[in-house]
Asker: 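There's a structure below that I have some questions on.
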Amino acid sequence: MVKNKIILKHCPNYYNIKNYEVDEDDYLSMKLISIYEEYIFSIDETNQESLKKIEELDTILKKYITDYNFRKELKIGLTKIRVKRDNNILESIVNGIISLFDNYEEYYTRNIYFARWV
């Protein structure tokens with residue numbers, strides 16, 4: 001019980017993500033949310049690096065459920081993630097998601113879009 005409280009303290013968006021209404025045909029979103037839940041409850045809560053990683057994953061999934069453009073880009077990127085058999089599959093997927101988020105943030109913060117007033 002204490003472990004769950006510690007983890008939920010580091011994941012303030014957990015209930016928003018868990019209660020996100022997913023379309024029936026959106027298998028990728030359902031799987032992404034289940035990976036999120038499985039990963040955050042499987043970490044060692046005494047490891048600060050793991051806690052930092054779940055905070056980052058929590059932020060990424062919050063952006064996923066609130067930002068349409070990011071959702072679209074992440075879905076495209078998720079199909080390109082490759083995992084080796086000898087690695088921890090869940091850890092590799094989470095690292096891939098974090099990498100996709102970092103690339104997205106780098107790309108969209110470098111581009112400045114000017115609105116055209118008519």
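Excluded from the calculations below are hydrogen atoms, water molecules and symmetry mates; all remaining heavy atoms, backbone and side chain alike, are included.
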Asker: Roughly how far apart are Ile60 CD1 and Leu100 CG, rounded to 0.5 Å?
Answerer: 8.5 Å

Asker: Is it the case that the side chain of Thr59 and the backbone of Glu55 share a donor-acceptor pair, with hydrogens and angles ignored and the cut-off at 3.5 Å?
Answerer: yes

Asker: Who passes ring pair (Phe, Tyr, Trp, His ring centres under 6.0 Å) against Tyr64, sequence neighbours left out?
Answerer: none

Asker: Rounded to the nearest 0.5 Å, what separates atom CG in Leu90 from atom CD1 in Ile43?
Answerer: 11.0 Å

Asker: What distance do Lys75 atom NZ and Asp26 atom CG have between them, rounded to the nearest 0.5 Å?
Answerer: 3.5 Å

Asker: Testing the basics here: between Lys63 and Glu105, what is the closest heavy-atom pair and its distance to 0.1 Å?
Answerer: CE-OE2, 3.4 Å

Asker: Return the CD1 to OH distance between Ile17 and Tyr20, rounded to the nearest 0.5 Å.
Answerer: 11.0 Å

Asker: If you take all heavy atoms of Ile54 and His10, which pair is closest and at what distance?
Answerer: CD1-CB, 4.1 Å

Asker: For Leu8, which residues count as a side-chain contact (heavy atoms from CB on, under 4.5 Å) partner, sequence neighbours excluded?
Answerer: Tyr14, Tyr15, Phe41

Asker: Taking only residues two or more places apart in sequence, or in another chain, which ones meet Lys9 in a side chain to side chain donor-acceptor pair (under 3.5 Å)?
Answerer: none

Asker: Under 4.5 Å between any side-chain heavy atoms of Leu74 and Phe101, yes or no?
Answerer: no

Asker: Could you state the interatomic distance from CD1 (Ile65) to CZ (Arg71), rounded to the nearest 0.5 Å?
Answerer: 8.5 Å

Asker: How many angstroms lie between CG in Leu32 and CG in Leu61, if you round to the nearest 0.5 Å?
Answerer: 5.0 Å

Asker: Do Ile76 and Leu28 share a hydrophobic cluster (ILVMFWY, side-chain heavy atoms under 4.5 Å, transitive)?
Answerer: no

Asker: Considering residues at least two apart in sequence or located in another chain, which fulfil the side-chain contact (heavy atoms from CB on, under 4.5 Å) criterion with Lys84?
Answerer: Asp86, Asn87

Asker: For Glu91, what residues pass the side chain to side chain donor-acceptor pair (under 3.5 Å) criterion, not counting sequence neighbours?
Answerer: Tyr39, Lys53

Asker: Is a donor on one side and an acceptor on the other found under 3.5 Å between the side chain of Ser99 and the backbone of Asn95?
Answerer: no

Asker: Could you work out, with side-chain contact (heavy atoms from CB on, under 4.5 Å) as the rule, every residue matching Ile93, not counting sequence neighbours?
Answerer: Ile35, Val83, Ile89, Ile97

Asker: Could you note down all residue pairs passing salt bridge (charged side-chain N to carboxylate O under 4.0 Å, His left out) where residues 29-52 supplies at least one of them, sequence neighbours left out?
Answerer: Lys18-Glu37

Asker: With sequence neighbours excluded, tell me which residues meet salt bridge (Lys or Arg N to Asp or Glu O under 4.0 Å) with Lys62.
Answerer: none

Asker: In chain order, what residues pass the side chain to side chain donor-acceptor pair (under 3.5 Å) check against Asn13, with sequence neighbours excluded?
Answerer: Asp58

Asker: Mind checking side-chain contact (heavy atoms from CB on, under 4.5 Å) for Asn69 and listing every partner two or more places apart, or none if nothing turns up?
Answerer: Asp67, Tyr104

